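See below for the structure under consideration.
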Amino acid sequence: MTAYNRETCIAEAIESVLSSTYRNFELIIVDDCSIDNTVSIARSYEAADTRVRVVINEKNLGDYPNRNRAASIAKGEYIKYVDSDDVIFPDSLEAMTSAMEQFPEAAFGFSDPGIHQPESLPKLYTGEQALRKHFLHGGLLLAGPSTTIIKTAAFHKIGGFSGKRFISDYEAWLNFCLHFPVVVFKPKLMWLRTHEGQENDVGKLSYYSLNYNLHKQFISNPANPFSPAERKKILYNYRILLGRRVYQRLLKWYGLRKSLRTIKDSGESYLLFLRAFMPMKK
């Protein structure tokens, strides 16, 4: 659990973990130099339960570097992030660890994003199947850190999170699929809180540019399972998607100048605007 100025909600997050039906865990809370009462609240739980450990960073690391710091301390076979403003349900850890033990070849698993029938879960995908499902058949890898559980050895094998703002978790899921299978669990294993204080760049210029460039880099990687024709189609569709986002959202919200800056940052030509009106390839 990484934390920064979460005095209003960290107690609820901690208590949700301690209420788990699965009992064999360590709860590592890494505070990123909070200036409110976050640390004192976390310390109170550390004093009451030997499974809780509180670590305070000497300097503010930021989101993903702090997640890497927490993972470097973990001693267990699995890493399960619970953001300090989220809540997991009592059966979450038990359901996730049970599914991972059922499919020990998997590197990570995540709660169903709403694309399966519950009776078909948990479901194992090979890395190639997951990537093909995600890029060519309607999406799959739509998971944030709090919805996942990760095999510790696999996390270290890919080098953890790269540190790129907002997208390092998604980037890691893609990289996992180049080496390992993935498991999809039943839905509704956690409650993801939405509030004004959380860091979220979706809908802003920087997020769309980062998202597009990540896909461009990954699809161009010869290690992925796609044929040249499939890569061409996927990149074409993401260019159209970027064009639609710029035209339909960014132009409306931010005006022409900032929208054109997004196109420039992506390495595309200004003709990208025209792609907003073109159909995607199936």
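Given the structure is predicted, the values throughout are model-derived calculations rather than measurements.
- The main-chain N or O of Phe218 is found under 3.5 Å from a side-chain atom of Asn224 such that the two form a donor-acceptor pair.
- If you chain together hydrophobic residues whose side chains sit under 4.5 Å apart, Ile14 and Tyr4 never meet in one group.
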Query raised in the report: Ile41 and Thr38: side-chain contact (heavy atoms from CB on, under 4.5 Å), yes or no, with the steps?
Result: CA-CA 5 Å; Ile41 294 170; Thr38 297; 6.0 Å; no
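- The backbone N or O of Phe185 sits nowhere less than 3.5 Å from a side-chain atom of Ser111 that would complete a donor-acceptor pair.
- In plain terms, the two heavy atoms of Ala13 and Ser16 that are nearest each other are O-OG, 2.7 Å.
- Contact annotation: the side chain of Met96 never approaches that of Tyr78 to less than 4.5 Å [non-hydrogen atoms, C-beta and beyond].
- In this structure, OG1 in Thr8 is found 11.0 Å from CG in Asn37, a value given to the nearest 0.5 Å.
- Counted within 6.0 Å of CD on Glu58, heavy atoms from surrounding residues, nucleotides or ligands total 12 or fewer; the atom is thus considered open.
- Within the 3.5 Å criterion, the main-chain N or O of Gly62 finds a donor-acceptor partner in the side chain of Asp32.
- Linking ILVMFWY residues whenever their side-chain heavy atoms come closer than 4.5 Å, directly or via other members, leaves Val55 and Val52 in distinct clusters.
- Ionic pairing of Glu26 and Lys75 is not present here: no N-O contact between side-chain nitrogen and carboxylate oxygen is shorter than 4.0 angstrom.
- Remark: aromatic rings of Phe155 and Phe161 are close, center separation under 6.0 Å.
- Between Lys281 atom NZ and Ile234 atom CD1 the span is 11.5 Å, to the nearest 0.5 Å.
- With hydrogens and angles disregarded, no donor-acceptor distance shorter than 3.5 Å links the side chain of Thr148 to the backbone of Gly109.
- The structure places OG1 of Thr97 at 11.5 Å from CD of Gln102, a figure rounded to the nearest 0.5 Å.
- Judged by distance alone, the side chain of Thr147 and the main-chain N or O of Gly144 form a donor-acceptor pair under 3.5 Å.
- Using a 4.0 Å cut-off between charged nitrogen and carboxylate oxygen, Glu230 and Lys233 do not count as a salt-bridge pair.
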Query raised in the report: Where do Leu131 and Leu141 land on the side-chain contact (heavy atoms from CB on, under 4.5 Å) test, with the steps shown first?
Result: CA-CA 8 Å; Leu131 291 172; Leu141 304 170; 4.2 Å; yes
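- Taking each heavy atom of Glu12 and Trp191 in turn, the nearest pair found is OE2-CZ3, 4.3 Å.
- No side-chain donor-acceptor contact under 3.5 Å links Asp31 to the backbone of Val39.
- Under the 4.5 Å side-chain heavy-atom criterion for Ile, Leu, Val, Met, Phe, Trp and Tyr, Leu142 and Tyr212 are members of distinct hydrophobic clusters.
- Judged by distance alone, the side chain of Glu94 and the main-chain N or O of Asp91 form no donor-acceptor pair under 3.5 Å.
- Hydrophobic clustering (ILVMFWY, side-chain heavy atoms < 4.5 Å, transitive): Leu174 and Ile115 are in one cluster.
- Counting heavy atoms from C-beta outward, Glu77 and Glu101 have side chains that approach closer than 4.5 Å.
- Checked by atom type and distance alone, the side chain of Ser98 never pairs as donor or acceptor with a backbone atom of Ala95 at under 3.5 Å.
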Query raised in the report: Where do His215 and Asn211 land on the side chain to side chain donor-acceptor pair (under 3.5 Å) test, with the steps shown first?
Result: CA-CA 6 Å; His215 287 111; Asn211 184 270; 3.3 Å; yes
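- Expressed to the nearest 0.5 Å, how far CG of Leu93 lies from CD1 of Ile88 amounts to 4.0 Å.
- Side chain of Ser84 to main chain of Met1: no donor-acceptor pair is present (N/O by atom type, distance under 3.5 Å, no hydrogens or angles).
- To the nearest 0.5 angstrom, Ile79 atom CD1 is 6.0 Å from Ile150 atom CD1.
- Formation of a donor-acceptor pair under 3.5 Å by the Arg51 side chain with backbone atoms of Arg23 is found in this model.
- Geometric assessment of Lys232 against the ring of Tyr236 yields a negative cation-pi assignment under the 6.0 Å and 45° thresholds.
- Residue Leu61 is not grouped with residue Ile56 when hydrophobic side chains (ILVMFWY) are merged at heavy-atom distances under 4.5 angstrom, including chains of intermediate members.
- Counting only heavy atoms from C-beta outward, the side chains of Phe103 and Pro122 approach each other to under 4.5 Å.
- A heavy-atom distance below 4.5 Å is not found between the side chains of Met190 and Phe89.
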Query - Trace of the side-chain contact (heavy atoms from CB on, under 4.5 Å) decision for Met280 with Leu241 - result: CA-CA 8 Å; Met280 290 191 177; Leu241 182 60; 3.7 Å; yes
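- Between the SG atom in Cys177 and the NE2 atom in His134 there is a gap of 9.0 Å [rounded to 0.5 Å].
- Side-chain contact check for Trp173 versus Val182: every heavy-atom pair is 4.5 Å or farther apart.
- Within 6.0 Å of CZ in Arg231 there are more than 12 heavy atoms belonging to other residues, nucleotides or ligands.
- For the residue pair Asp86 / Ser146, a side-chain donor-acceptor distance below 3.5 Å is found, with atom types taken as modelled.
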Query raised in the report: Can you list the steps and then say if Asn221 with Leu178 is a side-chain contact (heavy atoms from CB on, under 4.5 Å)?
Result: CA-CA 10 Å; Asn221 183 348; Leu178 295 178; 4.0 Å; yes
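- Side-chain contact check for Tyr64 and Asp169: at least one donor-acceptor pair (N or O, by modelled atom type) lies under 3.5 Å.
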